[in-house]
Amino acid sequence: MTEPRTITPAHQYRNNDKLIGIGNEFWDMSEHHGLAGIVADYDTGTGVLRARDGHETLPEGHEFVNFSCCSYLDLDSHPEVIEGAVRALRRYGVLDHCIARSRVQIPAMLELETSLGELFDAQVVCSIAASTATFGLLPLIASGHLGDGVRPLMIFDKNAHVSMANVKPVCADETEVVTSRHHDLDFIEDMCRKYDRVAYVCDGSDSLGGYAPVKELAELQDRYGLLVYYDDSHSLSAYGERGIGYVRTHNPARNDRTITVVTLNKAYGTSGAAIVLDGQSRKTLRVVERFGGALNYSQLLDTASVGAGLASAEIHRTDELTTLQNRLYRNIELFDSLVHTDQSNGTFPIRLVPMSDTTVIEAGRRIIEAGFYVSPVFFPIVARGTAGLRVMMRAGQSEQQIRDLCKVLVEAGARPAAPAAPAATGVPR
Ligand SMILES: *Cc1c(COP(=O)(O)O)cnc(C)c1O
C-alpha cells in the first residue's frame, strides 16, 4: 500500500494559515473585551445602539453611539429611503423573481440602473455587492473579454481592497498577475512599455485617506491604452457633486478603458453596488451580464433594495445631499480640531487614532464603556505596527457626541490636536 499523500499548497496569492493564525487571536481578544461579536438594537429616533443580552462582557442594555459605521450620510435610516423600499415592494408585488436576468427579469433593477445611469452620466449595471461585481468582472478583464480582446498583464495595487485581492488566483488562471507597490506609476508605465496591454486594479479612495492618482493614470490610459479598474466604494455620495465620488469627479478618461465599481452600502445608504461604465458596446454589456459569474447565476437586488436605491438617488439629485455632505465635513473638521491623526485635514471620513498593539484593545474598551464604539484595527486588517482605533465620522453625529468622544480618546492616549492658533511657532509671516 502506498502512503496517503499530504498536500503542499502553492500559497502564491493567499495563505489562510497565516491569515487566521495571526488574525483570529486578535478577534478573540476583541470579542472578549466587548469590542466584537456585539448584537445591539438600533433606536430609530436617536440612532443610538443598545446592546442585547448574550455578550460575555458587554452588559445588556449598554448604550453607545456607533463611530465605526460607513453610512457617512446616515441615508440608511432616512425616512424616504425606508419608505422607498416599502413602496417598491408593494408596487412590484414580489420581493425577487428568482431566475437569471439574462433569461427573464422584472424591470425593478433596470429601473435603478437607468436612474443611476442618469445620475452618473454613465452606463450602469447593478449587482448585489461590490465584491460580487469584482469577482465577476476581473476574470473577464483578465481574459480580455472586458477590454479590447487582448489579455492584459494584470497589476494589482498592493493595497487593493480584499474584495479585489481575493480574485488574483482566478485572474492568474486567465493571464499573468503581478502586485505593485502602492500607486507606483513608474512601474505601471514600465509594464505598459513591456506588455501589449496592461490593466491596473486599485481603490479609488483608500480606506485610510488618500486617493488614486486618476489624472496621471488617465495619461497612461491615453498613451498606452492602459485599462484601470477602480473600486471607489469609499467616496461615493460622500464626495463630489451629486455624490458621484472621487474617481468620477476627477477622471478625464470617461471611456471604455475605465471601469469603476462602487458599493451602494456605504454613504449611499442602501444595498447593492453599481458598475459604472462608459462607451461599452451592447455586445460587451451582454457578455458581462451572461459571463460575469455571480452577476448572472446569483440573485439580483431585491425590490426593497431597488426601491431604497431609487429613493436615495432622488435625494442625490437635491440640495439635501449637499447639506448632508457639508454636515459630514463640519463633523470631520470638529474631530480634527480636537484629536490629531495622520488623516487630519483630509476630506475623507475615516480617521485612524494610532495606538500600540498592546494598548489598542484596552483603549477601545474604555471608549465603549464611555458610550462610543470605535473599532480597533490590527494586522492583518492593517500592516503590522500600524494598529489603532478606527473612527468614522457621519453627518448625523452631534457636536456634543463628537466632543465627548474626543475627550475620552485623548484620555485613552490619543494625541490632542495642536491649538488652532499657529502663533506659538514664532515663525514670521
Ligand atoms: C466596503 C468595501 C467593499 C465591500 O462592498 P460590498 O458591496 O459590501 O461588497 C468593497 N470594496 C471597497 C473598497 C470597500 O471599501
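First listed ligand is number 1; within each ligand, the first listed atom is number 1. We're numbering straight along the sequence, starting at 1.
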Show, in sequence, the C-alpha distance, side-chain angles and deciding distance for Arg101 and Glu113, and conclude whether the salt bridge (Lys or Arg N to Asp or Glu O under 4.0 Å) test is met. CA-CA 13 Å; Arg101 80 177 304 190; Glu113 287 168 344; 2.9 Å; yes

Test of understanding: with ring pair (Phe, Tyr, Trp, His ring centres under 6.0 Å), list the residues that count as partners of Phe348, not counting sequence neighbours. His234

The complete set of ring pair (Phe, Tyr, Trp, His ring centres under 6.0 Å) pairs with one or both residues in residues 239-266, sequence neighbours excluded, reads Tyr211-Tyr239, Tyr211-Tyr246, Tyr239-Tyr246, Tyr239-His250, Tyr246-His250

Candidate list Ile367, Val410, Val391, test side chain to side chain contact (heavy atoms under 4.5 Å, CB included), partner Val353, passing option: Val391

Quick check for students: name every N or O atom pair between ligand 1 and the protein closer than 3.5 Å, with distances.
residue  : atom   : partner : partner atom : Å
ligand 1 : 7 (O)  : Ala130  : N            : 2.7
ligand 1 : 7 (O)  : Thr263  : OG1          : 2.7
ligand 1 : 9 (O)  : Ala130  : N            : 3.3
ligand 1 : 9 (O)  : Ser131  : N            : 2.9
ligand 1 : 9 (O)  : Ser131  : OG           : 2.5
ligand 1 : 11 (N) : His161  : ND1          : 3.3
ligand 1 : 11 (N) : Asp231  : OD2          : 2.5
ligand 1 : 15 (O) : His234  : NE2          : 3.1
ligand 1 : 15 (O) : Lys266  : NZ           : 2.6

Tell me which donor-acceptor pairs under 3.5 Å the side chains of residues 89-98 have, and how far apart each pair is, sequence neighbours excluded?
residue : atom : partner : partner atom : Å
Arg91   : NH1  : Glu111  : OE1          : 3.3
Arg91   : NH2  : Glu111  : OE2          : 3.4
Tyr92   : OH   : Glu111  : OE1          : 2.2

Criterion salt bridge (Lys or Arg N to Asp or Glu O under 4.0 Å) on Arg286 and Glu289, from CA distance to verdict: CA-CA 5 Å; Arg286 282 283 186 253; Glu289 193 175 298; 3.3 Å; yes

